[in-house]
Amino acid sequence: MASSGCNNNNGNNSKKMKTESFLRHVESLASFPSGAGKISRLNAVILGEALSSEENDIVLPSDDFSRQALVPSPQKYLEMYKRSVEDPAGFWADIASEFYWKEKWGQRVCSENLDVRKGNVKIEWFKGGITNICYNCLDRNIEAGLGDKVAIYWEANDPGVDATLTYSQLLQQLANYLKDIGVKKGDAVIIYLPMLMELPIAMLACARIGAVHSVVFAGFSSESLAQRIMDCKPKVVITSNAVKRGPKAIHLKDIVDAALDECAKSGISVDVCLTYENQSAMTRENTKWQDGRDIWWQDVVPKYPTKCEVEWVDAEDPLFLLYTSGSTGKPKAPTYPDSGRSWDIVDKYKVTIFYTAPTLVRSLMRDGNEYVTRYSRKSLRVLGSVGEPINPSAWRWFFNVVGDSRCPISDTWWQTETGGFMITPLPGAWPQKPGSATFPFFGVQPVIVDEKGVEIEGECSGYLCIKSSWPGAFRTLYGDHERYETTYFKPFPGYYFTGDGCSRDKDGYHWLTGRVDDVINVSGHRIGTAEVESALVSHPQCAEAAVVGVEHEVKGQGIYAFVTLVEGVPYSEELRKSLVLAVRKQIGAFAAPDKIHWAPGLPKTRSGKIMRRILRKIASRQLDELGDTSTLADPGVVDQLIALADC
């Protein structure tokens, strides 16, 4: 498809030259068979032929795996990547053309300005193009004769309870009900549902009528939910009366009631609270109710027809509101009734891709191999990791035990803000290094800059930024565009600042080192917390670790490590010294922790994200400034850590 390119206001010749420099480097690697010929002297294993160990630095794709991959070689990656950065408009227009468009976009595929010095930050792609996501997800498949094909498999809390939804079944009556009660294009709808089939049904129904949905994890406190309701002022809140998590029933409707009461104090009301009766957790007779506002889903939605006219929207119209991982959560690790639940599901549905967070990997690793090896897992082809840097020892366990050394790991780096993968292994094309996110995805131009915003070439460490936009980039912070610009674009004008630190090795591989506010400056040495944590977790008796910086009168900052031991291992001074020695050996004496704080558990959100803010307060003994701990998966962990502060 022909395109007239992108109109951007941030490029300059030096940036173009550095992009060309990167392409030349990748091209030099790609020119060798297997793509590893010019990679620095490394010991390698091939998929399916041997286990990965500390002596083996890279994992090469097997010929069989590469043949099945969509991007089967470094040469193919380079061909596609070069086009994606040299002609982004044409590259993405070709992909967008695979969707259904009621009307095509205008002459310009994209328009952007990432430089705050040249005006307001703006990112637009396919503006003027008219389409609908629900239509593309459902109607096109139904019209192609796939209406009876399973679109979603649903697995309940309790083993043995499951269901399916076909494409036709996803076209539910909810869209017509929402229209009937006055929800229209641009209106907000809060979805506070657990992992029921009604969750994707509600999201698709909102998209169909042009409403903007905001999914709030059904485990957040009433205070957190109230804040999200006050942010977007929805006409409707969709929830369930209760849900079971493990053996425990959570009364969601009570949480919603408390949130709506809190909103009322600020003069914000919601017209309708549509409540799904989840009888497996609670009957309606035991559910608190407010007549005139609360409506049972089952009493009204089934009365409407399933056919609902599509609201056609512009490509730049908002689809959803989404909070970043620092302020929202996702469900806990699937370990009910035991730690084999994930692999039971893999075998049951013949799952081919298993994508999870390093937190779950470390948790399952700690629980022992027997929960994995009792299941076949032969259907698995690819493993995935997301959410934080995965330390090499966890990577190797994931690869060797879960994947039987035959499944590559896509250790992806992306953010809520980016809308998709940014740096990620394409395992059929490139050799993998345990713990590295490898190379950029198509259309993504990562750069590493120093404190002054100057791009650094070659082997280096610094701040990770992205130059030029991509279709999935978030457009603004809801109701606060000034903060959007200040947070993401003012630190390094002309670039999107990720907030992450990154190292690039001599082979061009990218290594994420964690949030830059998680970097500790010890006597002039900038040390990433993830690097120290990885060294601690490599110790056979350390299950998990979290590191923060504290003030130090001599070094500026000291390293304070919270350490969770393998179950059954007792605290001891000898073990403390052994842990410090492990860091000294792997990184150097300058990175040795000044304090090891024994931790039965770590304060985490329900997604498994460690709340370092709380750890910093405990480490610096600012116990009266801990703040709100209600969103933690286990608030009791904080008291345990405080009690062990001087041990």
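Because the structure is predicted, anything quoted here is derived from the model rather than measured.
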Show the nearest heavy-atom pair for residues [X] and [Y], with the distance to one decimal.
X	Y	answer
Pro600	Leu641	CD-CD2, 4.4 Å
Thr513	Ser503	CG2-OG, 3.8 Å
Ile345	Glu155	CD1-CG, 3.9 Å
Met80	Val71	SD-CG2, 4.2 Å

If you define the side chain from C-beta out and look only at heavy atoms, does anything of [X] sit under 4.5 Å from [Y]?
X	Y	answer
Leu575	His539	yes
Asp411	Thr438	no
Tyr371	Leu364	no
Trp470	Phe441	no
Pro593	Val547	no
Ile390	Ile409	no
Pro408	Phe65	yes
Asn369	Trp397	yes

Flag if over 12 foreign heavy atoms under 6.0 Å of [atom1], [X]:
X	atom1	answer
Glu574	CD	no
Arg584	CZ	no
Lys585	NZ	no
Arg613	CZ	yes
Gln68	CD	yes

[X] side chain to [Y] side chain, donor-acceptor N/O pair below 3.5 angstrom:
X	Y	answer
Tyr355	Thr412	yes
Tyr484	Glu417	no
Ser620	Gln622	yes

Main chain of [Y], side chain of [X]: is a donor-acceptor contact present, judged purely on distance under 3.5 Å?
X	Y	result
Arg362	Ala394	no
Ser534	Glu531	no
Asn400	Ser405	no
Ser84	Gly443	yes
Ser436	His510	yes
Trp414	Thr424	no
Arg366	Glu544	no
Arg576	Ile596	yes
Ser379	Thr352	no
Asp500	Leu464	no

* Mind checking whether Tyr495 and Phe489 have ring centres under 6.0 Å apart? -> no

Could you label the plane-to-plane angle of the [X] and [Y] rings as parallel, tilted or perpendicular, counting under 30° as parallel and over 60° as perpendicular?
X	Y	answer
Trp598	Tyr571	parallel
His597	Tyr560	tilted
Tyr463	Phe497	perpendicular
Tyr81	Phe442	tilted
Phe354	Trp343	tilted

* To do: Kindly indicate, with the supporting measurements, whether the criterion side chain to side chain contact (heavy atoms under 4.5 Å, CB included) is fulfilled by Trp395 and Val59.
  => CA-CA 12 Å; Trp395 192 101; Val59 176; 3.7 Å; yes

* Structure fact -> Value for CD (Glu573) from OG (Ser578), rounded to nearest 0.5 Å, stands at 11.5 Å

* Asked: Measuring from Leu536:CG to Cys542:SG, what's the distance to the nearest 0.5 Å?
  ->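 With rounding to 0.5 Å, CG (Leu536) is 5.5 Å from SG (Cys542).
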
* To do: Go through the steps to decide whether Met422 and Tyr496 satisfy the test side chain to side chain contact (heavy atoms under 4.5 Å, CB included), and finish with yes or no.
  => CA-CA 12 Å; Met422 300 296 281; Tyr496 166 77; 5.8 Å; no

* To do: Under the side chain to side chain contact (heavy atoms under 4.5 Å, CB included) rule, what do Ile520 and Val532 come out as? Steps first, then yes or no, please.
  => CA-CA 10 Å; Ile520 305 170; Val532 181; over 6 Å; no

* Would you check, one step at a time, whether the test side chain to side chain contact (heavy atoms under 4.5 Å, CB included) holds for Val550 with Lys595? => CA-CA 10 Å; Val550 291; Lys595 167 74 174 178; over 6 Å; no

